[in-house]
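Report on the following structure.
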Amino acid sequence: MKEIKRTVIVDALKRTDYGAEINIRGWVRTRRGNKNVGFIALNDGSTINNIQVVVDMAKFDEEQLKPITTGAAISVNGRLTESIGSGQNVEIQADEILVYGTADPNTYPLQKKGHTMEYLREIAHLRPRTNTFGAVFRIRHHMAMAIHSFFHQNGFFYFHTPLITASDCEGAGQMFQVTTKNLYNLKKTDEGKIDYSDDFFGKQASLTVSGQLEGELAATALGKIYTFGPTFRAENSNTPRHLAEFWMIEPEIAFIQLDELMDLEEDFIKYCVRWALEHCADDLAFLNKMIDNGLIERLKSVVETDFVRLPYSDGIKILEEAIAQGRKFEYPVYWGCDLASEHERFLVEEHFKCPVIMTDYPKEIKAFYMKQNADGRTVQGTDVLFPQIGEIIGGSVREESYDKLMARIDELQIPMKDMWWYLDTRRFGTVPHAGFGLGFERLMLFVTGMQNIRDVIPFPRTPNNCEF
Ligand code: 4AD
Ligand code: MG
């Protein structure tokens, strides 16, 4: 076969130099035709759109064309031609075709269209070759770019926090342990507890649930930082919004207070959604058509509306009024309760009909590091609540007073042995500071309209699932 430099399909589809000799490579989506002419829809992942390869059957040996079935990988030399058929402007008139790899029609799992999401999860190694997952993973890339671009443009430094840690940031005890110990033969202390002194780190270590504590160290030195990396939670919640391994973006900023934190949360999400609308139009149009007809409208509306800012106590009042008027919820509502996703979604989707930033939560339901309000009951935590998703961001102003922080740590009996370095931020040059964590896959759920968090990360990790 003649050596011609490859053109990716996304570029080929934009060309108008009809007659040019080009080479394209990709995977066959479908093949149809008759004795005289064949049509191959080819996709190489660069775009949701296929290019049509037109095959004049007289020019080819039938045996050579036989292995060109759905899923096969081929290389095509041919001439770019103006397409008269509907849909695209260009197609390729094939001169030569090379088959790299065949895909046996009897065993290739992606034959027909319309597989269920559940089935596709079982073949997560092949699902990126479907239109839906191709679109989702291209958008995932664009969201990562949007995030780095937003922070870089706004003077934040990308700071790398460790994945292996000896501290539990959220204090929820949902950590996966990291050990090289022989689990069949654990060394115990005299009191019968596991002796970690001869383990790899000489103490108990885990996978991080959040980079925030180290992020605070960085913010109180570099001023404005963000992290963006994997996070691990051994919470046994089998829901469409929880993963055991997810990606989190955690900015942390010195010298700001609550209203500035909320401005940042709102600007940041809007920037990402706008980026998707600007850079992922084809993929969004596909998802809007196939997955969720309200998607693009919802994305546009989030970019255009001001988020409601709502103290927790006011939110509880609204929910109590709704209940008094007959609205039913599965879980009870009272001041002090941790809102369930049904409550959050009521406020966002039914009451305000726009995203809500809820603030000033009861201290009992929030982490130890949140800044305490003068009322002695609430803390300056902020959760951003989104239509369809519920909580997409969790953040807070941090308690900068050493004494108040220590009092809270004592109250909650948090083991301080491994936290001395964190407390040093409050001992030396402490400043007001604040930050938040955005769950990357929750953002992905919102931007793609996909219904299950397992379908916006390539290889989901959930209870009883560690395949691929
Ligand atoms: O609300 P969370 O637990 O807050 C923190 O971890 C803080 N340290 C963040 C900070 O202030 N720097 O988690 C933050 C966000 C949630 O709002 C949610 O979007 C996401 O992380 N998240 C999860 N996403 C997927 N699967 C899970 N199991 C998640 N747990 C939290
Ligand atoms: Mg939270």
Side-chain angles (χ1 to χ4, degrees), residues 143 147 151 156 159 161 165 167-176 207-219 224-254 256 258 261-262 264-265 268-269 272 312 338-341 343-344 348 355-359 361-362 365-371 379-386 388-399 422 433-447 450 452-457 460-463 465:
M143 287 299 90
I147 287 159
F151 287 119
F156 288 67
F159 191 76
T161 52
T165 173
S167 54
D168 181 356
C169 173
E170 294 306 299
Q174 296 169 325
M175 306 187 83
F176 290 101
L207 295 177
T208 190
V209 296
S210 161
Q212 178 195 322
L213 301 185
E214 293 88 352
E216 286 185 53
L217 309 180
K224 294 202 268 189
I225 65 92
Y226 70 105
T227 72
F228 185 3
T231 312
F232 308 89
R233 296 205 184 168
E235 53 192 335
N236 205 353
S237 27
N238 238 317
T239 81
R241 321 216 181 290
H242 289 87
L243 290 164
E245 178 182 289
F246 63 99
W247 286 62
M248 185 149 61
I249 297 94
E250 296 188 277
E252 193 72 32
I253 310 94
I256 68 162
L258 186 61
L261 175 68
M262 290 191 281
L264 180 71
E265 291 171 342
F268 172 53
I269 298 198
C272 293
Y312 169 92
D338 206 352
L339 292 182
S341 134
H343 306 134
E344 296 173 340
V348 171
V356 170
I357 311 185
M358 190 171 266
T359 61
Y361 285 85
I365 58 171
K366 288 292 177 190
F368 74 96
Y369 50 71
M370 295 195 183
K371 186 175 174 68
V379 290
Q380 292 185 12
T382 63
D383 278 4
V384 180
L385 311 177
F386 250 53
Q388 311 273 316
I389 312 294
E391 179 188 336
I392 194 164
I393 279 183
S396 79
V397 179
R398 318 306 187 189
E399 181 54 71
Y422 180 69
H433 63 290
F436 66 82
L438 169 84
F440 189 46
E441 287 75 20
R442 302 258 175 108
L443 175 69
M444 280 296 299
L445 279 176
F446 181 71
V447 170
M450 297 294 281
N452 194 308
I453 201 163
R454 292 163 180 78
D455 300 330
V456 294
I457 188 168
R461 298 291 177 249
T462 50
N465 176 28

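In this chain, numbering begins with 1 at the start of the sequence shown. Whatever order the structure lists ligands and atoms in, that order sets their numbers, starting from 1.
- Within the protein, the number of N, O or S atoms lying under 2.8 Å from the Mg ion (ligand 2) is 1.
- Protein neighbours of ligand 1 below 4.0 Å, counting non-hydrogen atoms: Cys169, Glu170, Ser210, Gln212, Arg233, Glu235, Arg241, His242, Leu243, Phe246, Met248, Glu250, Tyr369, Glu391, Ile392, Ile393, Gly394, Gly395, Arg398, Gly435, Phe436, Gly437, Gly439, Arg442, Ile453.
- Residues Phe436 and Leu264 have side chains in contact (heavy-atom distance under 4.5 Å, counting atoms from C-beta outward).
- Note: Phe446 and Phe386 meet the aromatic proximity criterion, with ring centroids under 6.0 Å apart.
- Between the side chain of Thr165 and the backbone N or O of Ser167 there is at least one donor-acceptor pair closer than 3.5 Å.
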Derivation of the side-chain hydrogen bond (donor to acceptor under 3.5 Å, both in side chains) call for Glu216 and Tyr369 | CA-CA 11 Å; Glu216 286 185 53; Tyr369 50 71; over 6 Å; no

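- For Glu399, there are no side-chain hydrogen bond (donor to acceptor under 3.5 Å, both in side chains) partners at least two apart in sequence or on another chain.
- When every heavy atom of Met143 is checked against every heavy atom of Leu443, the shortest pair comes out as SD-CD2, 4.1 Å.
- Gly381 approaches Tyr361 most closely through the heavy-atom pair O-CD1, 3.7 Å.
- Scored by the salt bridge (Lys or Arg N to Asp or Glu O under 4.0 Å) test, Asp168 finds no partners at all (sequence neighbours excluded).
- Between Phe151 and Phe268, the ring planes lie tilted relative to each other; the angle falls in the 30° to 60° range.
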